[in-house]
Amino acid sequence: MKNYLYKLFINRVTNYCYQNCLNYVSENTSILDVGIGNGVMMENFHDLIKSKRLNITGIDINEQYLNHCECVIQNHHLQDYVEIQCERVENFLPLKTPFYSFILFSMSFMLVQDQGRVLDRVKKWLKPDGKILFFQTMFKEKMGLMEFIKPKLKYVTTIDFGEVIYENDFFNLLKSKELAVVEDRLIKREWFKGEYRMIITTPYENS
Ligand SMILES: C[S@@+](CC[C@H](N)C(=O)[O-])C[C@H]1O[C@@H](n2cnc3c(N)ncnc32)[C@H](O)[C@@H]1O
């Protein structure tokens, strides 16, 4: 049931995200996917992952999603390209550092409790020239109704959509963590003036 609802609410957005992200990343690179979810993106992008010879580590806190994710990996023979781990980003440790060329938060950053602390952690895992990619819905203006509704959606859909992300707060956070914006791509406009955006960042020392 949880996977069915997940597919219903998240699939369309997931496709936008991974299509943009997987096309953006270079070949032969290591990627950390924070909150990989049920891995449904691999149904559509398994060929791209293989042709680019990507090495993806997916972490998530939801075992049910990860069980589904493991089945997708097996079904599409992605064992040499994707590995998964049940771990929260706050506790995860890569095998060695620096390790990743790209760290991806696809619709997961808004679920992280202490975002500043998490950025401090993950920055250390980036290879020189590494980038952190965020894909998320953002709002320019205060949206009281959305702030009220969004956290409650999890009781109806069983999916946690997290808090509303405001453009100013997000960019101020990036600045305070010395992350420069390399690209800010509008993917799609949504209801209530929400925007799906892919924001690519790199530590100041690389920019
Ligand atoms: C909305 S889903 C997005 C899944 C997938 N990235 C996509 O775009 O379809 C967010 C995922 O982040 C996971 N998540 C939430 N908090 C997390 C944390 N602290 N560490 C790792 N994963 C987390 C959730 O379990 C969920 O699977």
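Remember, predicted model here, so these are calculated numbers, not experimental data. When a residue number appears, it is its place in the shown sequence, counting from 1. In listed order, ligands and their atoms are each counted from 1.
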*Asks:* Any idea which atoms of ligand 1 are less than 4.0 Å away from a heavy-atom of Leu111?
*Replies:*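 Matching atoms, with element in brackets: 10 (C), 12 (O), 15 (C), 16 (N).
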*Asks:* Compute the shortest N/O to N/O distance between Thr14 and ligand 1 and return yes if it is under 3.5 Å, no if not.
*Replies:*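 Yes, at least one N or O pair falls under 3.5 Å.
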*Asks:* Just by distance, do the side chain of Asp60 and the backbone of Gly37 share a donor-acceptor pair under 3.5 Å?
*Replies:*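 Side chain of Asp60 to backbone of Gly37: a pair is present.
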*Asks:* Could you tell me whether the side chain of Gln115 and the main chain of Phe109 form a donor-acceptor pair under 3.5 Å?
*Replies:* yes
*Asks:* Is it the case that ligand 1 has an N or O less than 3.5 angstrom from some N or O of Glu87?
*Replies:*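 Between Glu87 and ligand 1, no N or O pair is found under 3.5 Å apart.
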*Asks:* Do the side chain of Asn23 and the main chain of Gln19 share a donor and acceptor less than 3.5 angstrom apart?
*Replies:*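 Answer holds: yes.
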*Asks:* Hey, does the side chain of Thr201 reach the backbone of Val181 with a donor-acceptor pair shorter than 3.5 angstrom?
*Replies:*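 Not a single qualifying donor-acceptor pair exists.
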*Asks:* Could you say whether the N/O atoms of Val34 and ligand 1 ever approach to under 3.5 Å?
*Replies:* no
*Asks:* If we only count N/O pairs under 3.5 Å, is Tyr65 in contact with ligand 1?
*Replies:* no
*Asks:* Is there a donor-acceptor pair under 3.5 Å between the side chain of Arg197 and the backbone N or O of Met138?
*Replies:*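 Such a contact is absent between Arg197 side chain and Met138 backbone.
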*Asks:* Under 3.5 Å, is there a donor on one side chain and an acceptor on the other for Asp33 and Tyr18?
*Replies:*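 Tyr18 and Asp33 do have a side-chain donor-acceptor pair below 3.5 Å.
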*Asks:* Please find the pair of heavy atoms, one from Arg88 and one from Ile59, that lie closest to each other, and give the distance.
*Replies:* C-CD1, 4.4 Å
*Asks:* Run the numbers for me: atoms of ligand 1, each under 4.0 Å from some heavy atom of Asn62, listed by number.
*Replies:* 25 (O)
*Asks:* For Met110, is at least one N or O under 3.5 Å away from an N or O on ligand 1?
*Replies:* no
*Asks:* Would you please test Phe170 and Phe134 for ring-ring contact (aromatic ring centres under 6.0 Å, His included) and show each step?
*Replies:* CA-CA 11 Å; Phe170 181 67; Phe134 300 89; 5.0 Å; yes
*Asks:* Does ligand 1 have an atom under 4.0 Å from some heavy atom of Phe92?
*Replies:* no
*Asks:* Is Ile36 touching ligand 1 with its side chain, its backbone, both, or neither, if touching means heavy atoms under 4.0 Å apart?
*Replies:* backbone
*Asks:* Which atoms of ligand 1 are found less than 4.0 Å from any heavy atom of Ser108?
*Replies:*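 Per the distance check, 12 (O).
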*Asks:* Hey, is the main chain of Val25 close enough, under 3.5 Å, to the side chain of Lys52 for a donor-acceptor pair?
*Replies:* yes
*Asks:* Indicate, as side chain, backbone, both or neither, the part of Tyr18 found under 4.0 angstrom from ligand 1 when only non-hydrogen atoms are considered.
*Replies:* side chain
*Asks:* Does only the side chain of Ser106 get under 4.0 Å from ligand 1, or the backbone, or both, or neither? Count heavy atoms.
*Replies:*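 The answer is both.
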*Asks:* Taking non-hydrogen atoms only, is Glu90 closer than 4.0 angstrom to ligand 1 via side chain, backbone, both or neither?
*Replies:* side chain
*Asks:* With respect to Asp33, determine whether any N or O atom, backbone or side chain, lies less than 3.5 Å from an N or O atom of ligand 1.
*Replies:*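 N/O-N/O distance under 3.5 Å: no.
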